[in-house]
Amino acid sequence: MSFPSTIAGLNQLPDDLKRDTYQKIIPIELVEMFNLRDDFRDSQGNNLLKLHCPPGSSDAEIALYPNKETQDPILFGHITDTIHGQLHILLYGMNDVNSTRYDVDRLDDGSKTGFGINQRNLEAEFLAFQAGLAPGQIYRGPHLFKESLRDFECFAISLGQELFFVEPLYYHVALVFKKYGFSYQSGKKFMNRIEQGFAQDGELIPLLDGSTPFRQPAAAHKIRLRSWAIHDNILGEPFTNVTMYKYIAQQPDRSCEVSIPW
């Protein structure tokens with residue numbers, strides 16, 4: 001019997017084998033940063049690696065916590081299968097939970113904002129913006145994107161996959177993916193229109209008028225500030241319908257360089 005090649009197949013495995021496979025996604029550098037044990041349990045045996053990947057499902061949700069008391073995970077992700085049985089990352093992120101938390105993910109009454117996509121906590125977003133965070137971040141990240149990409153590719157290789165897809169939820173995320181060799185399956189024209197809009201004499205330049213804290217003239221020349229302006233609906237439409245893919249072990253070349261600074 002061959003090893004599964006899909007999330008649906010993995011989810012049919014016994015729990016211990018399923019857990020061993022999904023934990024390949026976790027960068028060792030993150031484990032070391034938070035001094036976690038290899039079995040992802042604390043000294044009292046409490047499970048710190050939460051998986052939701054029931055048999056019969058083609059989705060897997062993963063969350064890793066530094067201890068049982070911490071409310072937010074240090075790594076979270078949602079992976080599914082495409083209709084052709086390829087891997088598709090719908091959500092992936094890492095938090096440095098030792099840094100300041102900004103409540104961009106929830107309103108004062110506790111209702112969720114979808115990381116600012118469905119609703120916005122403007123006060124929390126402004127504080128995160130001032131602190132140098134990008135849209136959607138509730139903490140500073142641990143700066144392990146390259147390492148997480150390496151380990152996800154190893155996970156994909158273990159399933160016999162040759163490429164995988166990602167769904168960047170924000171403009172700045174798409175540019176980070178581009179830097180690391182991802183190509184557009186959909187949304188390239190949309191991204192080009194954004195680039196043209198922020199160029200000299202572009203249609204978005206007059207809208208960087210300081211009318212909100214997220215629409216500063218400097219945003220024309222910075223990835224993070226552009227992303228905040230887009231999150232602030234400067235396009236008149238949400239950042240959506242961008243899907244990217246990467247062939248495994250393909251290294252970025254000169255064409256993948258992003259021309260504007262962070």
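Note: hydrogens, waters and symmetry copies are ignored here, and every other heavy atom, side chains too, is used. All residue numbers refer to positions in the sequence shown, counting from 1.
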Report yes if some heavy atom in the side chain of L235 is under 4.5 Å from a heavy atom in the side chain of I194; otherwise report no.
yes
Begin from the C-alpha positions of T21 and F155 and carry the test side chain to side chain contact (heavy atoms under 4.5 Å, CB included) through to its verdict.
CA-CA 7 Å; T21 304; F155 167 75; 3.9 Å; yes
Report the C-alpha distance between N67 and T70 in whole Å, list the side-chain angles of each, state the deciding distance to 0.1 Å, and finish with yes or no for side chain to side chain donor-acceptor pair (under 3.5 Å).
CA-CA 6 Å; N67 53 64; T70 302; 2.7 Å; yes
Roughly how far, to the nearest 0.5 Å, is the CZ atom of R41 from the NZ atom of K68?
13.5 Å
Between CG of L144 and CZ of R150, what distance do you get to the nearest 0.5 Å?
8.5 Å
Set of residues satisfying side chain to side chain donor-acceptor pair (under 3.5 Å) with respect to [X], sequence neighbours excluded:
X	result
N46	D42
R224	none
N233	none

For [X] and [Y], work out which heavy atoms get closest and say how close.
X	Y	result
N11	S57	ND2-O, 2.8 Å
I26	L75	CA-CD1, 4.3 Å
A174	F239	CB-CZ, 4.2 Å
G210	Q216	CA-NE2, 4.1 Å
P27	S148	CG-CA, 3.8 Å
Y247	E153	O-OE2, 4.4 Å

Can you give me every donor-acceptor pair (side chain of residues 162-173, partner residue at least two apart or in another chain, under 3.5 Å) with its distance?
{"unit_1": "E167", "atom_1": "OE1", "unit_2": "H88", "atom_2": "NE2", "d": "2.7"}
{"unit_1": "E167", "atom_1": "OE1", "unit_2": "T243", "atom_2": "OG1", "d": "3.2"}
{"unit_1": "E167", "atom_1": "OE2", "unit_2": "T243", "atom_2": "OG1", "d": "3.4"}
{"unit_1": "Y170", "atom_1": "OH", "unit_2": "F115", "atom_2": "O", "d": "2.6"}
{"unit_1": "Y171", "atom_1": "OH", "unit_2": "R226", "atom_2": "NH1", "d": "2.9"}
{"unit_1": "H172", "atom_1": "ND1", "unit_2": "S227", "atom_2": "OG", "d": "2.7"}

If the threshold is 4.0 Å, N to carboxylate O, is there a salt bridge linking [X] and [Y]?
X	Y	result
R19	D16	no
R37	D39	yes
R215	D232	yes
K112	D105	no

Report yes if the distance between the aromatic ring centroids of Y22 and F40 is under 6.0 Å, otherwise no.
no
Give the cluster check for W262 versus F182: same hydrophobic cluster or not, with ILVMFWY residues linked at side-chain heavy-atom distances below 4.5 Å.
yes
State yes or no: do V176 and L225 share one hydrophobic cluster built from I, L, V, M, F, W and Y residues joined by side-chain heavy-atom distances below 4.5 Å, directly or via other members?
no
Test log, rule side chain to side chain contact (heavy atoms under 4.5 Å, CB included), inputs L149 and E147
CA-CA 5 Å; L149 176 59; E147 291 79 4; over 6 Å; no
With sequence neighbours excluded, residues passing ring-ring contact (aromatic ring centres under 6.0 Å, His included) with F129
F214, W228
ring-ring contact (aromatic ring centres under 6.0 Å, His included) partners for Y92, two or more places apart:
none
Given the rule in the side chain to side chain contact (heavy atoms under 4.5 Å, CB included) test, do Q161 and Q86 qualify, once you have shown the distances and angles that lead to the verdict?
CA-CA 7 Å; Q161 297 281 357; Q86 296 157 321; 4.1 Å; yes
Residues E61, C53; criterion side chain to side chain contact (heavy atoms under 4.5 Å, CB included); working and verdict
CA-CA 6 Å; E61 296 179 58; C53 45; over 6 Å; no
Looking at T113 and V104, would you say the former's side chain and the latter's main chain have a donor-acceptor pair under 3.5 Å?
yes
